[in-house]
Amino acid sequence: MKVLYCTPGLAINSDAPWATRQRAGGMLAAGLEVVLMVSRPEERRYFEDMGCEIVVDELSADSSGNQRGLPNLWEFIVRPARIQWRAFALARKIGADILFFSHPEPWTLLPIVWLRNRKRQRPAVSMFTTTVYRHLGKTSQYSFKTRARGWLNHLAVWFLCPLINVIFDNAHVPQFFRRRAGEKCTVLLDGYHDVAPPPEARAQSRQRLGIPPSSRMLLSFGVASWLKGQDLLLEALRGLEPTFDLYMVGLVGGIYGDPRTGARDLLEGPWKDHLHFVPRHVSDAEMSDFFTATDAVILPYRWGFVSTSGNFRLALEFRRAVIATDQFFIGEMVRTRELGLLSPPGDVAALRQQLVEFGKKPQAWFDQVAEHERQLTDEQSWAVSGRNYRLLFERLLSEVGGSKAGRATPG
């Protein structure tokens, strides 16, 4: 079975290369023939060691939009749409059985899906939704154009569910689109890789990063978006004794915020030697070092974050405790599997108390969390997830009448 794997948001989602490697790797491990579609030759570097075919479709990457002075419109809407539309032609050209989209721009995908929607037509189309946009209707922090794009995508997913196979990453997501799990949509959990570093790796990573070997460390990783609540985290530090070092790593500025602007008093006060900003994109090697070096990963997301998170999965894979807000999938996992500490979304006082508790936790607590994470990553490995994708794709092909495979249901 041949799968054309297309990631329209590869250039605009910081976790897209990593997520593509993980998910496509799970499909490969399950025996699927995966062809990765990229739109720029330099994007091949993300996947060249995966052992699968990579097709560069340069027609989808025309940069004329940037030359017209519309970089955001081009990068966030036009370019993903072009890549998605070109994927249908490429799928037919290579004889793909399945066309799989990850990190799509759903509202621009809807027209072509609607036009080609005929029963028993190949390739079967499947789409993995990313973070839902419900929070955009509740804040003026974003521009009107960004909020409008979010609501268009939200509405488009609802319309896409009866037309193609839409995959949600946990059972909490369908309700946001007025669907039930299994009703014109599929719930399929992401997997985990076992990348737990050996004990000596922590000191080595800290040495490379210039972090003191014995200090307690907390990591906030990723772009500084309003949804991720980094401003709430900084507010929680005020009046708190610095019993740990906080590293905030990721892009700032532009369409994102810049948490440094609200942290001047902290940097001039007791936290000046304990609050550290790395305001840039970091390499995969640096990312690995930061997750290896830290004791815990903090996810102070505002209410409305229904999906899973790349940072959450990385924390579990590196066996690091999680400090998160108690909502939907992440909250449920941290609570039921005893993976860390929780506080209500947006409650700065409660978050501050969790930070105090984090600073006092004995090493035995971190070791226990690591064992719980080991059990979880064993149960939900990418090998398991890859087999579930194969079962799902076999069912989709049986429904379009184009495969000898029998019906199957993902586990």
Side-chain angles (χ1 to χ4, degrees), residues 131-132 134-135 138-139 141 169-170 172-173 176 216-250 257 259 262-263 265-266 270-271 274-277 290-291 294-316 318-370 372-373 376:
T131 306
V132 298
R134 181 163 180 169
H135 66 281
K138 298 183 176 296
T139 175
Q141 301 290 325
D169 63 20
N170 70 84
H172 293 276
V173 182
F176 270 66
R216 179 152 293 179
M217 175 182 167
L218 181 62
L219 175 65
S220 173
F221 191 86
V223 297
S225 68
W226 182 86
L227 171 64
K228 292 189 175 181
Q230 289 180 319
D231 58 319
L232 301 177
L233 173 57
L234 292 173
E235 180 61 30
L237 295 182
R238 292 184 170 89
L240 190 66
E241 181 185 355
T243 58
F244 56 87
D245 286 298
L246 171 61
Y247 283 77
M248 304 184 79
V249 182
D265 60 321
L266 293 168
W271 282 90
H274 300 276
L275 175 58
H276 312 271
F277 290 96
F290 275 110
F291 277 89
T294 195
D295 295 290
V297 176
I298 187 161
L299 309 172
Y301 299 161
R302 283 180 160 86
W303 185 90
F305 196 95
V306 187
S307 303
T308 186
S309 156
N311 290 334
F312 175 72
R313 296 203 304 274
L314 281 165
L316 269 59
F318 280 85
R319 308 288 195 266
R320 299 306 181 237
V322 177
I323 302 175
T325 50
D326 191 359
Q327 55 177 327
F328 306 107
F329 177 75
I330 293 177
E332 177 184 34
M333 293 294 288
V334 173
R335 186 185 322 106
T336 60
R337 304 301 294 250
E338 299 182 29
L339 307 178
L341 303 172
L342 293 170
S343 60
D347 189 332
V348 173
L351 176 58
R352 183 179 292 116
Q353 184 55 44
Q354 297 293 26
L355 295 176
V356 171
E357 189 173 345
F358 162 71
K360 295 179 179 178
K361 285 290 187 184
Q363 183 59 43
W365 180 82
F366 293 96
D367 294 340
Q368 185 178 47
V369 168
H372 295 161
E373 291 172 332
L376 177 59

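Positions are given from 1 along the sequence.
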Quick one: closest heavy-atom pair of [X] and [Y], and the distance?
X	Y	value
A350	P344	CB-CD, 3.7 Å
L219	T294	N-OG1, 3.4 Å
P300	L233	CG-CB, 4.2 Å
A236	L355	CB-CD1, 4.0 Å
I323	L218	CD1-CD1, 3.9 Å
L234	A263	CD1-CB, 4.0 Å

Given side chain to side chain contact (heavy atoms under 4.5 Å, CB included), test L341 with W365 step by step and report yes or no. CA-CA 11 Å; L341 303 172; W365 180 82; 4.0 Å; yes
By side chain to side chain donor-acceptor pair (under 3.5 Å), which residues pair with H372, not counting sequence neighbours?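 H372 satisfies side chain to side chain donor-acceptor pair (under 3.5 Å) with no other residue.
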How would you list, by chain and number, every residue that makes a side chain to side chain donor-acceptor pair (under 3.5 Å) with E332, sequence neighbours excluded?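 H172.
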By ring pair (Phe, Tyr, Trp, His ring centres under 6.0 Å), which residues pair with [X], not counting sequence neighbours?
X	answer
F329	none
F328	F176, W303
F290	none

Rounded to the nearest 0.5 Å, how far does [atom2] of [Y] lie from [atom1] of [X]?
X	Y	atom1	atom2	value
L351	F358	CG	CZ	12.0 Å
K228	M248	NZ	CE	11.0 Å
F221	I298	CZ	CD1	15.5 Å

Could you walk me through whether M333 and T308 pass the side chain to side chain contact (heavy atoms under 4.5 Å, CB included) test, one step at a time? CA-CA 10 Å; M333 293 294 288; T308 186; over 6 Å; no
Residue list, salt bridge (Lys or Arg N to Asp or Glu O under 4.0 Å) with [X], at least two apart or on another chain:
X	value
E357	K361
R216	none
K360	none

Compare all side-chain heavy atoms of V297 with those of L314 and state whether any distance is below 4.5 angstrom.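 No, too far: nothing below the 4.5 Å cut-off.
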Pairs where residues 319-328 contributes a residue and the test side chain to side chain donor-acceptor pair (under 3.5 Å) is met, not counting sequence neighbours: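 Output for this query lists D194-R319, R319-T377, T325-Q327, D326-R335.
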Listed once per pair and sorted, the salt bridge (charged side-chain N to carboxylate O under 4.0 Å, His left out) pairs that draw on residues 229-245, sequence neighbours left out: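 Those involving residues 229-245 are D231-R302, E235-R238, R238-D265.
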Which pairs, with at least one residue in residues 339-353 and sequence neighbours excluded, count as a salt bridge (charged side-chain N to carboxylate O under 4.0 Å, His left out)?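 The answer is none; no pair qualifies.
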Full working for side chain to side chain contact (heavy atoms under 4.5 Å, CB included) between H274 and L266: CA-CA 9 Å; H274 300 276; L266 293 168; over 6 Å; no
Can you say whether the rings of F305 and Y301 are parallel (under 30°), tilted (30 to 60°) or perpendicular (over 60°)?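 Answer is tilted, since the angle falls between 30° and 60°.
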State which residues pass side chain to side chain contact (heavy atoms under 4.5 Å, CB included) with V322; sequence neighbours excluded, sorted by chain then number.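 Side chain to side chain contact (heavy atoms under 4.5 Å, CB included) check on V322 returns L299, F312, A315, L316, A324, V334, E373.
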